[in-house]
Amino acid sequence: MRLDANDAPVRRRRRSLTVVLAVSFALLGVLIFAPSALANFITPKSGGSPNANQISSLYKIVLYVAAVVFVLVEGALAYSLIRFRAKRSRVAAQIHGNTSLEVSWTVAAAVILVVLTVVTFIKLPSIVNAPNSGQNGLVLSASVTAPTPPNGKKLTVCVQGRQYIWRYVYGNDCLNLAFASKLPYSYQEMYVPADTTIVLAIQSTDVIHSWWVPSLGGLVDAVPGYTTYTWFKASKVGALFHGQCAQLCGRSHAAMTALVKVLSPTDYQVWLQRQKQLIQTANSQVTPLRTFLTATGNL
């Protein structure tokens with residue numbers, strides 16, 4: 001069959017539509033089958049803790065559904081712009097709606113929202129609730145403070161935000177008896193045993209800060225006068241996770257970084273004892289100076 005000159009616009013429209021659809025599906029393919037080079041570029045970091053993994057998987061589910069909806073809507077929009085663009089005729093086609101189509105896309109949108117809501121509530125417990133420590137984790141005693149794993153065994157680390165550094169106190173009594181029990185502490189870099197449920201009790205001594213190590217879970221605010229909680233369970237011995245205060249807290253906010261170093265349970269116990277000795281030695285060295293300054297009225 002031969003096409004006359006009047007069919008040239010039809011061919012051009014078809015080619016334009018083909019190009020638009022090809023580009024749309026190519027973008028969708030990049031989102032779904034993104035290579036490792038794009039890892040964490042459009043999705044949250046994960047791999048450090050089960051709660052971070054669940055956050056990442058839930059994010060990806062919502063992202064892929066949104067990508068499909070975006071491609072369909074924008075594809076329909078592009079098709080309509082090309083198919084019904086202005087022509088030589090002065091009178092445009094008058095379209096007064098399609099009841100079946102309007103009901104269909106309203107019901108489809110409602111179904112998508114319901115499905116996403118159900119998936120979110122299915123995944124939420126594994127994000128919020130702390131699990132038991134693994135068989136290779138640190139041997140712990142039970143505790144009753146929240147959040148608590150099913151068997152009640154966890155390691156508590158108190159995180160104290162201050163301008164512009166993080167302080168970590170180790171031990172389940174760190175909220176109430178940190179000084180009386182002479183618990184060990186460190187600054188900026190936290191040390192934790194692998195395969196162990198770590199519960200963080202987060203506080204601030206001055207302004208609002210935000211504790212966020214993306215690979216180990218979601219963001220938690222540190223608010224003066226309040227204690228907030230989160231948890232993680234890192235399994236990779238030797239891993240070093242990077243974080244950053246995510247709340248603008250002053251002029252040196254950018255310098256308020258956080259590091260989490262994962263040790264084997266044995267190495268963690270060795271580090272803990274060494275840290276206690278170092279703090280005790282430093283305290284013994286400063287005691288004479290403190291006594292002298294107090295006696296001379298300079299302290």
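Only this structure's heavy atoms are used, side chains among them; waters, hydrogens and symmetry mates stay out.
Lys154 contributes atom NZ, which lies 10.0 Å from atom OG1 of Thr197 (distance to the nearest 0.5 angstrom). Distance CG/Leu248 to CD1/Ile208: 11.0 Å, rounded to 0.5 Å. Leu58 contributes atom CG, which lies 11.0 Å from atom CG of Leu63 (distance to the nearest 0.5 angstrom). Taking CD1 of Ile165 as the start and CD of Gln160 as the end, the distance is 12.0 Å to the nearest 0.5 Å. Rounded to the nearest 0.5 angstrom, Ser252 OG and Gln163 CD are separated by 8.5 Å. Between atom OG of residue Ser126 and atom CD1 of residue Ile55 there is a gap of 9.0 Å, rounded to the nearest 0.5 Å.
The local environment of CD in Glu189 is crowded, with over 12 non-hydrogen atoms from other residues, nucleotides or ligands closer than 6.0 Å.
Hydrophobic clustering, with ILVMFWY side chains joined whenever heavy atoms are under 4.5 angstrom apart, groups Trp166 together with Val220. Both Ile112 and Val103 belong to a common hydrophobic cluster when Ile, Leu, Val, Met, Phe, Trp and Tyr are linked at side-chain heavy-atom distances under 4.5 angstrom. Ile279 and Tyr187 fall within the same hydrophobic cluster, defined by Ile, Leu, Val, Met, Phe, Trp and Tyr side-chain heavy atoms under 4.5 Å apart, directly or through other members. Tracing side-chain contacts under 4.5 Å through hydrophobic residues (I, L, V, M, F, W, Y), one reaches Trp271 starting from Phe241; they form part of the same cluster. In the hydrophobic clustering of this structure, Leu278 does not group with Val270; members are Ile, Leu, Val, Met, Phe, Trp, Tyr whose side-chain heavy atoms approach within less than 4.5 Å, directly or through other members.
For the pair Gln275 (side chain) and Tyr185 (backbone), a donor-acceptor distance under 3.5 Å is present. The backbone N or O of Ala201 sits nowhere less than 3.5 Å from a side-chain atom of Thr227 that would complete a donor-acceptor pair. One N or O on the side chain of Tyr170 and one on the backbone of Tyr191 form a donor-acceptor pair closer than 3.5 Å. Checking side-chain atoms of Tyr164 against main-chain N and O of Arg251 turns up a donor-acceptor pair under 3.5 Å. Checked by atom type and distance alone, the side chain of Ser56 never pairs as donor or acceptor with a backbone atom of Ala52 at under 3.5 Å.
With Phe121 as reference, Thr117 is the one residue of Val118, Thr117, Val119 to meet the side chain to side chain contact (heavy atoms under 4.5 Å, CB included) rule.
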For Thr228 and Asp221, what are the C-alpha separation, side-chain angles and deciding distance, and is it a side-chain contact (heavy atoms from CB on, under 4.5 Å)? CA-CA 7 Å; Thr228 52; Asp221 283 341; 5.6 Å; no
Test side-chain contact (heavy atoms from CB on, under 4.5 Å) applied to Trp105 and Leu72, step by step: CA-CA 11 Å; Trp105 67 42; Leu72 292 177; over 6 Å; no
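Between the side chains of Ser235 and Asp195, no donor-acceptor pair is found at a separation under 3.5 Å.
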With a cut-off of 3.5 Å and sequence neighbours excluded, list every side-chain donor-acceptor pair involving residues 253-262.
| unit_1 | atom_1 | unit_2 | atom_2 | d |
| --- | --- | --- | --- | --- |
| His253 | ND1 | Gln247 | O | 3.0 |
| His253 | NE2 | Cys245 | O | 3.4 |
| Thr257 | OG1 | Gln188 | NE2 | 2.7 |
| Lys261 | NZ | Gly238 | O | 3.3 |

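When side chains are defined from C-beta on, Thr205 does not count as touching Arg167, because their heavy atoms never get closer than 4.5 Å. Between Val192 and Phe232, some side-chain heavy-atom pair lies under the 4.5 Å cut-off. When side chains are defined from C-beta on, Met190 does not count as touching Val213, because their heavy atoms never get closer than 4.5 Å. Side-chain contact between Pro193 and Ile198: present, with at least one pair of heavy atoms (C-beta onward) separated by less than 4.5 Å. Between Leu116 and Val62 there is a side-chain heavy-atom pair separated by less than 4.5 Å.
Under the disulfide (SG to SG under 2.5 Å) criterion, Cys158 pairs with Cys174, not counting sequence neighbours.
Here the shortest heavy-atom pairing between His209 and Ser204 reads CD2-OG, 3.3 Å. Considering all non-hydrogen atoms of both residues, Trp212 and Gly218 come closest at CD1-C, 3.8 Å.
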